[in-house]
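All values derive from a computational prediction rather than experimental measurement. Residue numbers start from 1 in every chain, and the chains themselves are labelled A, B, ... in the order their sequence lines are given, proteins ahead of strands. The analysis underlying the following values was restricted to heavy atoms, covering all of them including side chains, and did not include hydrogens, waters or symmetry mates.
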Amino acid sequence: MGRGDVMLERNDLMEQRLAKIAAVVEAGQQAYPNDFKPSHTGAELIAGLADQLAPHPIERATGTAAVRMVGRVIAINRKGKVGFLRIRDRSASAVIAARQAANVAREAANMAPRDSDTSTYQVFFRRNEDEDLFDALLKSGQSLDVGDIVGCIGLPFRTQTGEPSLWATSLDAEGNPLSGTAAGEPCVRILTKSIRSLPEKFHGLTDKQTRYRQRYVDLIVNDDVRATFERRAHIIAAIRAFFHTRDYLEVETPMMHSIVGGATARPFATHHNALGIPLFLRVAPELHLKRLVVGGLERVFEINRNFRNEGIDLQHNPEFTMLEFYEAYATYTDLMVLIEQLFSGLAQQLHGTTDLVWGDANDPDAQQQISMAAPFARISVYEGIQRWGGLDAEQLHDAALLRAKLAEQGITLPAATPVGKLQMALFETVAEPHLIQPTFVTDFPVEVSPLSRKKDSDPRLTDRFEMYMAGFEIANAFSELNDSVDQHERFQAQSLAKAGGDVEAMDMDMDYIRALEYGLPPTAGCGIGIDRLVMVLTNNQSIREVILFPLLRPEQRRSESGDAATPAALTEG
RNA sequence: GGGUCGGUAGCUCAGCUGGUAGAGCAGCGGACUUUUAAUCCGCCGGUCGUGGGUUCGAUCCCCGCCCGACUCACCA
């Protein structure tokens with residue numbers, strides 16, 4: 001291996017398995033075949049396929065159709081002249097559900113329930129079926145390893161302990177190939193050899209760094225991780241259905257913006273070579289979505305990524321998924337009702353109840369109940385400061401007093417900070433941690449709401465709310481500012497703030513002003529952090545548990561340091 | 001960026017302020033014809049994150065660095 005080559009990790013276990021692949025090739029066989037088509041899943045086997053045949057002894061009438069199943073070998077258990085393969089396929093979660101349902105039936109019949117905690121199905125392979133194959137796979141040489149992907153042919157049956165299983169065989173009682181198999185087709189076949197060994201079966205994979213960096217391993221061995229991401233997919237599908245039934249149009253707007261806007265946040269900067277212009281990854285789709293409402297798409301929503309060049313912690317990932325929706329002729333109070341319907345409906349669909357558990361399942365003291373039942377609590381920013389900040393209605397407009405209160409929390413803000421920002425800072429500090437139950441926080445100061453409509457009753461405030469639960473922000477919504485003159489002034493204030501060093505301030509967007517000049521109907525819009533919503537609905541306390549590939553520092557590999565760091569490939573693009 | 005804790009076999013973890021490392025699982029060899037974290041016998045497997053320092057001698061003590069978890073600050 002020459003200098004600059006990427007070193008492959010190799011250890012003895014891997015060399016052993018590579019040798020097994022070499023042996024297959026040497027025997028003139030395909031090491032990576034792709035011609036095995038499954039006919040059934042593990043869930044189908046568990047859910048009753050096994051009862052279609054006599055439980056035992058196995059029935060193999062001429063013409064019986066073979067069942068073909070695939071999956072990854074999770075455990076091998078050889079006992080003399082029989083072997084058991086535990087296999088997992090895509091139906092893993094459904095296997096658990098099917099097994100639980102089957103156990104209910106067993107209990108009703110006064111039989112002992114079995115295996116309610118495993119997402120695998122079982123293949124039973126008896127040496128008598130094919131001695132050469134059995135020995136080649138499971139005995140001397142042991143070409144089959146935990147982690148391999150296999151294709152199995154056989155007939156469903158129940159073992160002596162009653163577990164639905166696949167009896168590996170390709171022949172009927174007459175010794176003829178089962179219907180649906182090719183002559184001489186082996187009953188167990190390695191489709192893909194795994195070279196790396198899987199984590200230990202009992203303790204599994206727990207190291208968070210490895211789990212996030214090698215999510216593929218995490219998904220193989222941790223059922224609950226797979227379940228979380230299946231739920232995430234269901235949640236997003238349910239959200240789409242919710243808006244489709246309300247006559248919303250799903251749209252996609254640009255991820256690359258030449259002007260930063262729609263939220264107060266630091267952007268990622270990039271550059272387009274052909275146009276020779278700077279571009280920013282979007283921090284929010286808001287201004288484009290409202291342009292669409294101007295264009296007559298009166299109800300639109302988008303589910304897509306936002307990018308914010310800010311810190312990473314339990315609630316923040318630099319790229320995150322945002323749902324934004326806009327409805328013409330609605331107000332922010334209408335959206336509260338909509339969100340209540342959406343959230344309580346999601347909880348019902350996912351859990352069959354609006355009562356959610358929040359907190360570490362292993363620590364009863366840390367557990368809390370979150371009720372998604374409508375209506376949600378409502379509190380204004382001012383009320384929150386009064387209730388948890390110890391200020392009365394007059395005092396919360398006293399900048400010096402607000403600063404003193406913030407100082408008590410160890411927070412100091414620049415001298416030019418407007419009162420509205422001080423109020424919000426204090427609210428976030430003293431009130432946020434109390435907002436475990438779903439709560440609409442209403443009436444935000446105008447200084448922190450550059451795109452919101454001013455309150456008719458008090459121009460210092462806006463028709464805006466944020467929804468909190470589990471102690472953090474989930475949603476942000478307001479009646480949209482559709483007065484182009486007012487919007488122009490707000491943008492100017494943002495531009496001034498930016499010139500003054502506020503890296504989160506928005507840019508002036510004259511095209512957006514032009515759009516408002518054509519006329520944005522009275523509209524309300526809302527943004528919902530999907531990752532955080534999934535956290536609450538799946539009881540995960542870290543955003544990294546609900547994002548398949550969270551951002552991590554690039555992996556440092558000792559063997560690749562030095563002159564391999566700048567290969568030509570990096571400069572070609 | 002600050003604080004706390006951590007990095008030892010493929011995986012999960014032990015290792016007594018110092019004498020160059022252990023277990024279980026996985027792997028390999030063997031026994032076992034219905035196992036469920038199977039069991040039993042034997043074997044293989046380690047630059048103890050990394051670079052220095054102290055010492056006759058460092059996984060252990062000291063310093064720097066890298067990586068991570070938690071937490072605080074900033075932020076959605």
Side-chain angles (χ1 to χ4, degrees), chain A residues 9-17 19-20 56 74-86 114-118 120-129 134 139-142 145-147 157-163 165 167 194-214 217 221 263-266 283-284 306-322 409-413 425 428-429 432 466-468 472-476 503-504 527-532 541-544 552-558 561:
Chain A
E9 285 177 58
R10 284 287 182 265
N11 57 45
D12 290 351
L13 273 61
M14 296 173 71
E15 296 294 354
Q16 281 170 11
R17 295 196 181 188
K20 290 175 182 176
H56 193 77
I74 296 303
I76 300 170
N77 192 357
R78 192 173 74 85
K79 190 176 190 308
K81 296 186 173 62
V82 297
F84 298 89
L85 311 181
R86 295 224 70 85
R114 294 206 46 77
D115 290 312
S116 56
D117 58 343
T118 174
T120 58
Y121 67 91
Q122 178 169 273
V123 171
F124 174 76
F125 189 8
R126 197 174 57 165
R127 187 165 184 271
N128 287 359
E129 294 293 341
F134 187 92
K139 205 169 154 59
S140 60
Q142 302 223 338
D145 288 297
V146 170
F157 80 115
R158 285 185 183 275
T159 60
Q160 287 178 0
T161 55
E163 177 169 358
S165 308
W167 183 303
S194 173
I195 295 166
R196 291 179 183 268
S197 54
L198 288 174
E200 185 226 349
K201 60 187 164 195
F202 189 53
H203 296 96
L205 178 66
T206 57
D207 178 66
K208 284 193 170 126
Q209 178 176 189
T210 310
R211 285 189 46 232
Y212 299 149
R213 285 195 196 283
Q214 301 179 36
V217 180
V221 301
T264 52
R266 294 185 74 161
V283 295
N306 287 348
F307 306 86
R308 298 189 185 175
N309 204 339
E310 285 159 0
I312 298 173
D313 63 26
L314 291 180
Q315 281 113 41
H316 298 85
N317 193 63
E319 56 176 305
F320 62 102
T321 301
M322 183 86 123
Q409 308 289 334
I411 298 169
T412 46
L413 293 173
E428 285 167 10
T429 307
E432 250 185 59
E466 286 187 352
M467 207 216 96
Y468 285 76
F472 49 81
E473 181 193 339
I474 295 277
N476 177 23
V503 291
E504 295 173 356
I528 293 175
I530 294 297
D531 312 281
R532 291 179 175 183
Q541 279 70 53
S542 169
I543 198 168
R544 287 178 161 181
L552 301 172
R553 194 181 299 277
E555 196 169 3
Q556 300 284 328
R557 300 178 117 184
R558 272 176 301 171
S561 60

Residue-phosphate contact under 4.0 Å: A/Lys79 side-chain N/O, B/rU34 OP1/OP2: yes
Roughly, in whole Å, what's the span from CG in A/Asn317 to P in B/rC74? 20 Å
From NE2 of A/His316 over to C1' of B/rC75, roughly how many Å is that when rounded to an integer? 5 Å
Check whether the side chain of A/Glu163 and the base of B/rU36 form a donor-acceptor pair under 3.5 Å. yes
Could you state the CG-P distance from A/Asp145 to B/rG29, rounded to the nearest angstrom? 10 Å
Could you work out which one of B/rC32, B/rU34, B/rG27 sits closest to the side chain of A/Val146? B/rG27
Pair assignment for B/rU17, Watson-Crick or G-U wobble, requiring both distances under 3.5 Å: none
Per A/Gln209 side chain, nearest of listed nucleotides B/rC67, B/rA76, B/rU34: B/rC67
Nearest whole Å is fine: how far is B/rC28 P from A/Arg17 CZ? 8 Å
For a quick check of understanding: with a heavy-atom distance under 4.0 Å over all strands, which category does A/Gln122 fall into, base, sugar-phosphate or nothing? base
For A/Phe472, check ring-ring contact (aromatic ring centres under 6.0 Å, His included) against everything at least two apart and list the hits. none
Round to a whole Å and report the spacing from CG of A/Leu552 to C1' of B/rA69. 12 Å
Euclidean distance, atom CD of residue A/Gln16 to atom C1' of B/rG27 [Å, nearest integer]: 5 Å
Could you check which of B/rA76, B/rU36, B/rC32 has an atom nearest any side-chain atom of A/Glu310? B/rA76
Picking from B/rU33, B/rC70, B/rC75, the nucleotide nearest the side-chain atoms of A/Asp313 would be B/rC75
Find which nucleotide of RNA chain B each of A/Asp207 and A/Val82 is nearest to by heavy atoms, and output the residue with the more 5' nucleotide. A/Asp207
Considering only the C1' atoms, how many Å lie between B/rC61 and B/rU54, rounded to the nearest integer? 8 Å
Among the nucleotides B/rU34, B/rU36, B/rG68, which one has an atom lying closest to any side-chain atom of A/Trp167? B/rU34
Work out how far the P atom of B/rG64 is from that of B/rU4, and round it to whole angstrom. 12 Å
Rounded C1' spacing from B/rG46 to B/rG27 in Å: 16 Å
So, OP1 or OP2 of B/rG68: does either fall under 4.0 Å of a side-chain N or O from A/Arg213? yes
Could you give the distance from CG (A/Asp145) to NZ (A/Lys20), rounded to the nearest 0.5 Å? 3.5 Å
A/Arg211 CZ to B/rC70 P, in whole Å, measures 11 Å
Can you tell me the base-pairing partner of B/rG1? Count Watson-Crick or G-U wobble geometry only, both distances below 3.5 Å, and say none if there is no partner. B/rC72
What is the base-pairing partner of B/rU47, counting Watson-Crick and G-U wobble geometry with both distances under 3.5 Å? none
Under 4.0 Å, heavy atoms only, any strand: does A/Arg532 hit a base, just the sugar-phosphate, or nothing? base
Of the candidate nucleotides B/rU33, B/rA69, B/rU36, which contains the atom at the shortest distance from the side chain of A/Arg126? B/rU33
Taking only the P atom of each, what is the distance from B/rG18 to B/rG10 in whole angstrom? 28 Å
Once you round to the nearest 0.5 Å, how far does CE of A/Met467 lie from CD1 of A/Ile528? 8.0 Å
State the CD1-CZ distance between A/Ile76 and A/Arg86, to the nearest 0.5 angstrom. 12.5 Å
Below 4.0 angstrom from OP1 or OP2 of B/rU12, is there any side-chain N or O of A/Thr206? yes
Rounded to the nearest 0.5 Å, how far apart are CD of A/Gln122 and CD1 of A/Ile74? 13.5 Å
When you check the phosphate oxygens OP1 and OP2 of B/rC28, does a side-chain N or O of A/Lys20 lie under 4.0 Å from one of them? yes
Whole-Å distance, A/Leu205 CG to B/rG10 C1', equals 12 Å
Smallest separation among heavy atoms of A/Leu552 and A/Tyr212, with atom names: CD1-CB, 3.8 Å
Closest-nucleotide mapping onto RNA chain B: is A/Leu314 or A/Phe307 further toward the 5' terminus? I mean the 5' end. A/Leu314
Taking donor-acceptor contacts at under 3.5 Å, does the side chain of A/Thr161 reach the base of B/rU36? yes
Using modelled atom types and a 3.5 Å cut-off, is there a donor and acceptor pairing between side-chain atoms of A/Arg211 and backbone atoms of A/Leu205? no
